[in-house]
Amino acid sequence: MKEIYINSKRTIELINNFAWNSRSKFSLYFILIFLQIIIGFFVIIIPFPFIFLLLVPVPLLLILYSKPFLGYLVLIFSLPFYNLDIYSIGGSTDISLLEPAVVFASFGWILRCIRENKIKIYLNVMDIAIFFIVIWIICSFLWTPNAMIAVKRLIQIFTGLTVYYLTTNMIRNKKEFDLVLTTWIILVLVSAVVGLYQFYFEKSKVAESYIFTEQYQRFREIRVTSFFEKPNIIGLLVPLCVIMCLIKYTEVISKKWKVVLLLIIMIAVPVMLTSLSRKSYIALGLGVIYLAIYCKNIRLPLFISMMGVSILFILLTYGTFLQAFFLRASSIFLPMEVASSGRYSAWNLGIQLFSESPILGYGVGSFYPLSIRYGSELEVMHNFYLQTTVEYGIIGFSLLLFWLFLLFYKYFEHIRSYKNRVANIRVRGMMAGLLIIIFESFFRPINFIDPVFWGYFGLATIFLKIYSDEGDADEKKIS
């Protein structure tokens, strides 16, 4: 990982001198108050529920200046809500919870650079692959069938990229990395508690009156989603959280915190099981098995937590819902056209489209209008790799594989160099999380717009720098 310093020291010193020089304090406060008044005039334009948001920007900037890393922690909590629209600009253009959080975190990074009198940008060899992927995506705009959808998709992709680079540039040491892991765990814990509430007071009652038929059923009415739009999100977050909890379990000394981490697993996994997300069952199994094979220290806590999960899940779902769970899980072995007819239709369309334009693809954001034109049951592919080949062709898919190859090559390189047992467990744990996302990408509509995807890959990338045994000796400083 190379650390590049873009030295705009003179400009930032001027900003700092103006902000905190004793002669300028009055001017600074006057400007802040004036800006707050100007923002208040927007009340006549913005609808009532959102006017209160205008009262907080200036105080938030002051808080961010003192604690810039807080902006990134807020961003983590918004990652799963990228589909939750809070404001419509007009037409199909909406603002979700993610966009304001990205702006907030970006301000945090800028203010951090101001405080430190230099701009730090971390780059590594993986950024070469990302650069070519982005360039190819932009080029594909030239032959996309719907320019408006393509523009919206490009904005979403660049938002995801911003999440990635905020992750790699805001996390600078092991303490901050641990704080980020803890924030992810808290996010999933809160989601799990909401999911338990939803299951007990809503889904379990619906399941009691559920009528089973001889034909395969998808059980959409009884699937737990927590406060997300779809159960797939909780189905992705929980396996990642389990891996993070197991990583932290091997590091904490306090027995109290070890028990807390195991309890979090015992609460979160049953909620994931009630989401009836089959791919998440397999992904979690792959992740923990991989980690248990190479890390003996997590086998006992893993066994204890899984026993607790089994007991709690049976107690919670005993009855009609448990029957639905077994039917849903057993459908893994059914033919694809029966177990998931929508995905089967979309995949067949994807294969057809790929055969028609295998090299270049149809362009960014092209599958949505094409799926409508061809009458597909689904408007998204539910397969990241197939959608990449359809929209960006063999060239785009090859660039994606190149990026993944570089990332895993770096991880295996670190595994060979690590002699520290705890560090080795962390490496294996982060790899287990990558395997979970890579597997779920075969069945989930993860793509280049998914901020959870970019957030975790950014976390996995900056991990290589922070936990490198080589330290700062191999870093190159460019002024």
Side-chain angles (χ1 to χ4, degrees), residues 76-86 94 96-98 101 184-210 216-242 264-284 309 312-313 316-317 319-329 331-332 339-343 346 377-382 384 436-437 439-447 449-453 455-456:
I76 294 175
F77 282 99
S78 73
L79 295 181
F81 298 100
Y82 66 98
N83 281 328
L84 181 60
D85 298 327
I86 60 173
D94 300 308
S96 69
L97 285 175
L98 176 66
W184 277 79
I185 292 172
I186 292 173
L187 167 64
V188 177
L189 177 60
V190 173
S191 305
V193 171
V194 174
L196 285 175
Y197 178 87
Q198 183 187 40
F199 172 78
Y200 185 79
F201 289 99
E202 180 183 345
K203 302 299 181 179
S204 60
K205 292 179 171 54
V206 175
E208 290 175 0
S209 58
Y210 203 83
Y216 170 69
Q217 295 168 280
R218 298 180 183 178
F219 307 108
R220 290 174 177 169
E221 301 86 353
I222 62 174
R223 299 179 67 180
V224 170
T225 61
S226 186
F227 39 41
F228 305 119
E229 183 181 9
K230 295 181 180 179
N232 290 328
I233 299 177
I234 194 72
L236 175 63
L237 291 177
V238 170
L240 295 177
C241 172
V242 170
I264 292 174
I265 295 176
M266 293 179 193
I267 294 173
V269 175
V271 174
M272 184 206 72
L273 296 177
T274 56
S275 72
L276 301 181
S277 178
R278 297 165 296 184
K279 57 187 172 295
S280 302
Y281 305 161
I282 302 174
L284 176 60
V309 165
L312 180 60
F313 179 70
L316 279 173
T317 63
T320 308
F321 193 95
L322 189 60
Q323 182 183 354
F325 166 77
F326 283 119
L327 289 173
R328 177 72 174 174
S331 67
I332 295 173
S340 186
S341 59
R343 285 192 181 96
E377 291 185 36
L378 296 178
E379 297 172 352
V380 290
M381 187 74 73
H382 283 269
F384 176 37
I436 287 171
I437 292 181
F439 175 80
E440 290 213 19
S441 297
F442 281 101
F443 306 96
R444 186 177 179 270
I446 292 176
N447 50 53
I449 70 171
D450 193 326
V452 176
F453 167 85
Y456 189 84

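When a residue number appears, it is its place in the shown sequence, counting from 1.
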Residues forming a ring-ring contact (aromatic ring centres under 6.0 Å, His included) with Tyr200, sequence neighbours excluded: none
Given Glu440, which of Leu284, Ile282, Leu240, Leu236 fulfils the side-chain contact (heavy atoms from CB on, under 4.5 Å) condition? Leu236
Set out, in order, the CA-CA distance, both residues' side-chain angles and the distance that settles side-chain contact (heavy atoms from CB on, under 4.5 Å) for Asp450 and Arg444, then state yes or no. CA-CA 11 Å; Asp450 193 326; Arg444 186 177 179 270; 2.9 Å; yes
Determine whether the aromatic ring centres of residues Phe453 and Tyr82 are separated by less than 6.0 angstrom. no
From CA spacing to verdict: side-chain contact (heavy atoms from CB on, under 4.5 Å), Thr274, Phe321: CA-CA 8 Å; Thr274 56; Phe321 193 95; 3.9 Å; yes
Side chain to side chain donor-acceptor pair (under 3.5 Å) against Thr225, all qualifying residues, sequence neighbours excluded: Gln198
Write down the atom of Ser191, the atom of Ser226, and the distance for their closest heavy-atom approach. O-OG, 2.6 Å
Is there a donor in the side chain of Arg278 and an acceptor in the side chain of Ser331, or the other way round, less than 3.5 Å apart? yes
With ring centroids as reference points, do Tyr197 and Phe201 lie under 6.0 angstrom apart? yes
Answer yes or no: is there a side-chain heavy-atom contact under 4.5 Å between Met381 and Arg343? no
Give the intermediate values and the outcome of ring pair (Phe, Tyr, Trp, His ring centres under 6.0 Å) for residues Phe81 and Phe228. CA-CA 7 Å; Phe81 298 100; Phe228 305 119; 5.2 Å; yes
Would you call Val224 and Met272 a side-chain contact if the rule is heavy atoms closer than 4.5 Å? no
Heavy-atom pair of closest approach, residues Gly455 and Trp184: C-CZ2, 4.2 Å
